[in-house]
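All remarks here apply to the structure that follows.
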Amino acid sequence: MYICFMRIDIITVSPGLLESPFNHSIIQRAKNKGLIDIHIHDLREYGLGNYRQIDDTQFGGGAGMVLMIKPIATCIDQLLSERTYDEVIYMTPDAKTLNQSTCNTLSLKENILILTGHYKGVDQRIRDKYITKEISIGDYVLTGGELAAAVLVDSVVRLIPGVIGDETSALTDSFQDNLLSPPVYTRPSNYEGMKVPEVLLSGNFPKIEEWRSDKAYERTQQIRPDLLND
Ligand code: ADE
């Protein structure tokens with residue numbers, strides 16, 4: 001019996017982009033088990049006037065539209081009147097990059113509100129007034145924050161106890177100890193002459209652990225030496 005429960009609210013201009021990621025596989029099962037509850041809010045419903053306007057040109061000139069304050073503020077104020085949020089997160093490329101440590105921390109929260117940007121992003125005053133944490137998923141620019149939000153939710157939700165079958169497996173993932181994962185193998189033990197390392201078939205678990213930790217270190221040194229300096 002798991003008692004952990006997390007509610008995630010996401011504000012977006014493209015709700016359809018978030019349908020598929022949350023309605024399949026592990027996230028879907030976590031919802032069915034009642035471990036998480038995800039609510040998507042269509043910013044357009046808070047738009048201004050007959051055309052439900054949500055964006056406008058930027059002051060000072062320049063290409064690209066900016067999401068206006070009022071529709072976002074109305075939506076966030078309504079949600080804040082209903083419950084307290086542990087974090088109000090804005091997905092944006094001009095922020096610190098998401099890492100496993102942030103995922104671990106967020107997985108312990110109860111209520112998270114995520115705002116996704118579009119076009120040139122949101123009016124800075126929204127960030128100043130409401131946002132408690134800004135997250136980028138990497139040094140590249142997506143068409144909007146929805147896919148970034150899906151990445152964030154996926155990486156956080158899988159850490160909640162009961163969400164993935166083998167709970168220990170989340171703890172032995174790459175990055176949990178600042179190391180990449182060691183190589184893994186399954187049947188057959190010999191594929192066209194390519195053999196699985198002998199130690200993995202030995203049944204000697206201390207030796208297997210030692211081999212895995214050596215390989216993890218080796219791989220990290222080759223591919224991501226920066227992790228070893230962190
Ligand atoms: N929106 C657009 N690009 C993004 C990124 N790299 N991370 C988070 N949100 C984004």
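Order of listing sets the numbers, starting from 1, for every ligand and every atom in it.
In this view, Ser136 and Ala95 satisfy the side-chain contact (heavy atoms from CB on, under 4.5 Å) rule, not counting sequence neighbours.
Taking every heavy atom of both residues into account, Val199 and Ile208 meet most closely at O-CG1, 3.4 Å.
Contacts of ligand 1 (protein heavy-atom distance under 4.0 Å) are Met91, Thr92, Pro93, Ile135, Ser136, Ile137, Gly138, Tyr140, Val141, Leu142, Gly144, Gly145, Ala148.
Panel note: side chain Tyr90, backbone Ile126; no donor-acceptor pair is recorded below 3.5 Å. Judged by distance alone, the side chain of Ser155 and the main-chain N or O of Val151 form a donor-acceptor pair under 3.5 Å.
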Note to self: Checking Val153 against Ile36 for the side-chain contact (heavy atoms from CB on, under 4.5 Å) test, could you report, in this order, the C-alpha distance in whole Å, the side-chain angles of both residues, the deciding distance, and whether it holds?
What the structure shows: CA-CA 10 Å; Val153 169; Ile36 55 162; 5.6 Å; no

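Within 6.0 Å of the CD atom in Gln28, the count of heavy atoms belonging to other residues, nucleotides or ligands exceeds 12.
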